[in-house]
Amino acid sequence: MNSLVEDVLAHAVQRPDAPALRWHGNDVGYPELAGLVERATATLDAAPGTGPIAVAAAKSPETIAFVLACVQAGRPVLLPAADLGAEALDDLLTRTGCRQIATATDAGIALRETAVTTDPGDPVRFLLTTSGSTGRPKVVPLDAAATERFMDWAIAEFGLGPDSTVFNYAPLNFDLCLLDIWATLRAGGRVTLVDSGHAVNARYLMDLLDTGEPHVIQAVPMFFRILAEAAEDRGYPDVRHVVLTGDHTPRALRAALPGIFPNARFHNIYGCTETNDSFLHSFDGAEAAARDVVPLGNPLPGVTALLMTDEGELTGPGTGELWVTTPFQTRGYLGEAADRFVAGPGGHTFFRSGDLVHRDAEGELTLVGRTDFQVKVRGVRVSIEDIERVIAEHDQVAEVGVVALPDPEAGQRLHAVVRGKDARLTGLGLRRHCAARLARAAIPSHIQIVERALPLTSTGKVNRKLIKETLLAGEV
Amino acid sequence: MSTTETVASTIKAHILAEFLPGTPSEELDNSYDLIDNGVVDSLGLLRLISWVEQRFHVPLDEVELSPDDFRSIDAIGHFVEASTRS
Amino acid sequence: MRATEQQRELRAGIQAIGPAIEAGHIARDHSGTFSETGWKLLAETGLFGLPFDEESGGLGQDLVTTLYVLEGLGESCRDGGLNFSVSTHMVSAGVPLQRFGSAGLKARYLPGICAGTTIGAHAITEPEGGSDIMRMRTTAVADGDDFILNGTKAFVSNGPIADVIVVYARTGKPENPAGLTAFLVETDSPGLTRGNPIEKMGLRTSPLCELFLDDVRVPRRNVIGSVGAGFLVLDHVMKREILCSFVINVGEMRNRLERCVEYARTRTQFGAHIGSYQSLANKIVEMKIDVETSAKWIFDTAEKLAEGEDVSIDIAITKLITSEANVRTALSAIQVFGGYGYTAEYGLEKELRNAVAGTIYSGTTEIQKQRISTLIGLHRAVKPTKA
């Protein structure tokens, strides 16, 4: 199944005057894009290889064409985040078995061999990544069928076609591009590309909205906040669909949107890289600021969601972890434990989202928090479970409990209580272990080595609550 | 004990008391990177520099100042020696 | 502090031209116009070079003298925005160059800064992240003999008129105290663009804008201090920025107090001059207390700083006390003058608007309190010991 590239190339033949991409003030037509794909294919042919290719070049028409050429050649595409460190990138290349990597050079996109000798996973279309507080991204393979199904939905939902222009804010490695870029190109529309280097420059963004004239905009709340602060009385009446995603959009920000997009319908999308979009809540300008929290809305066609508690599935009102299965989802992380992908009713594989969702008496769902103990340290969201896992990976660690304690400066600070397997374990050694693997905010400010066993809950897990109470009482 | 050793042990005692309470002295190596390993944060660095200035009478206004000089006990020791030598 | 003969002379030189500099300040505040004439007059006095080395064109005075003279500027010139621009100019570019700049960098830029022909600014805060400098997004990446800077900076005071801007950018990992570097960037560098001047509530005659850095190439020799020393440069600058900008406020408070005393003595109501009414007299007495407390904190802290003592807590307290006193005395002055105080014509409502700015820049009152609580160790309430 390869209709993405076939469709793009067909547009070049059938509608030679149609623009495909808007980039740095110029339109790139479909024939021109097809030409770039041809050149990219020649680059691929010149350095024969198999398996996945890492495309580590910044967003541009050349990069997009290169991705299309890889898809056409049946080569899975790994899209690493731009700010990934060299070490983390090497690790990612090894785990995905990428023996070739494409990077931008002055002479265009160049392909070179990597040092990787590991074998690739299943043939898929895209290898996306999710970030975590460990700084070691998890790989999410998406196969062709799943991405085609997603594009079908997006094209139908937002009426994408030859006359549509879609605003692409997200960097190329984000799952959001499946809608903004890939579905739009398949439908023969035009994508207005935001240069990621200018993503927080309000003037640049407004100029692009003026000249790129999009009908559909999908972006994270940050984009809309930048725009709302700078737009004054500017409005964009041509925009028909505004898609909010990635995070909760605060009410005050939502209130500003109808003024900026007077003729748009608004959509709040809930989803994650593992499952792609799962819920959609659409509303008019008049309702934009009607409520504090936007509900999740309705499941997309083919999506099933469950609320799970320790007692099993919750069918009535209440709060539970959202388990979701979608026609667009991955079959599981590459090379990681599959514990977040579980068998559920109807023979479907459900993804445990880690999100806590509340269902009210009317059956409406709203997001209320996380199950995996995420806390904010100096404004950075970190996962206590991730930190515990990293500490537990140390050879000499027997058990670990990490708790967040209130702190006047950092908001919260992390305290780790660790029991070693033997006397060789030191707090400083463990700190070095953490510093090499965790974002700085996730390194516990105190690492305390103890000799006695940690308190456990009735289910045999480390009792963080008790550890926290003891620490706050100053008794540890 | 040479002067260098005395300086290093004074610095070590201070680091342990201020930044790593509860850590046994023998665990802390003189080359341990205090900055990259998150022992000393930004405010901690200022406190540490100020302490070095007071404790060893380093004329801070007259010397080159870089965080690299405060990365480890050894680095601080070298910094103190270099900047108090007259 | 007791001023020496020389210090008094320097201050008198500024105060003599104060009235000429401030002329038209209410109209300029209304239109948000920076006074180029005022700037030139001040430049001629040599004020801008006061604390800098004589070989760089400065007057080689110490910190306390500089503060004493700047207080005179505030006392004699009611163009609060211009006064703020003066302090920003001297502190943001001159101070880091003087302390951390290489000989070449000093020779190239300090003379112009002393003469006022090269106007300085610095760019720290960013639209995302507010005052959390350790997590700034602006980056500088080494490329041969240059660094390439990318990012957006918000609230650059003097930005629209600056010739050089000290840009703080990340050269290492976020939150790492060795991860920041200070760069001296010329504003005509390719890739550097400035937003339109930002409209604001107070200090309207001091121009402010956003700064956009798009692959701006800065030669390595323009690094102030060493690579990674940006946080230390910034700490050095921030301490002096607070002292210099708030000592000007103390001067402005003195001017305000004097006007209130004079008004209370001359204006009569119900057959008696209003100063004889106890409630009003108390208000003016409280203003006097505010002014003197602020002055004591500033000069005491400056002396400690000059002695090389740790003034982290003192600076936070000084900033908090002075900025709040400035707002309080500005509000009191409006009340003393009654209906007149409320009109734009008297310039007192403007002083209140200007004073509010001081509670926000260089760290809000809340942040100062947090900082003090951390510095006195309140965050270490739980002291774990090895079990």
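The analysis underlying the following values was restricted to heavy atoms, covering all of them including side chains, and did not include hydrogens, waters or symmetry mates. Residue numbers start from 1 in every chain, and the chains themselves are labelled A, B, ... in the order their sequence lines are given, proteins ahead of strands.
- Heavy-atom contacts from other residues, nucleotides or ligands closer than 6.0 Å to NE2 of B/H14 number more than 12.
- Heavy atoms from other residues, nucleotides or ligands lying under 6.0 Å from CZ of C/R99 number more than 12.
- Scanning all heavy atoms of the two residues, the minimum distance from C/P177 to B/I35 falls at CD-CG2, 3.9 Å.
- Distance check: B/L45 CG to C/D235 CG gives 9.0 Å after rounding to the nearest 0.5 Å.
- The shortest heavy-atom contact between C/G308 and B/E53 is O-OE1, 3.0 Å.
- Between the side chain of C/E309 and the main chain of B/S50, no donor-acceptor pair closer than 3.5 Å is present.
- Contact annotation for C/D310: both backbone and side-chain heavy atoms come within less than 4.5 Å of a heavy atom of chain B.
- Of all heavy-atom pairs spanning B/P67 and C/G228, the tightest one is CG-O, 2.9 Å.
- In the displayed structure, B/F56 atom CZ is contacted under 6.0 Å by more than 12 heavy atoms of other residues, nucleotides or ligands.
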- request: Dump the intermediate steps for side chain to side chain contact (heavy atoms under 4.5 Å, CB included) on B/L65 and C/V233, then the final yes or no.
  value: CA-CA 9 Å; B/L65 209 50; C/V233 175; over 6 Å; no
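- Taking B/Q54, B/R71, B/E64 one by one and counting their heavy-atom pairs under 4.5 Å with chain C, the maximum is reached by B/Q54.
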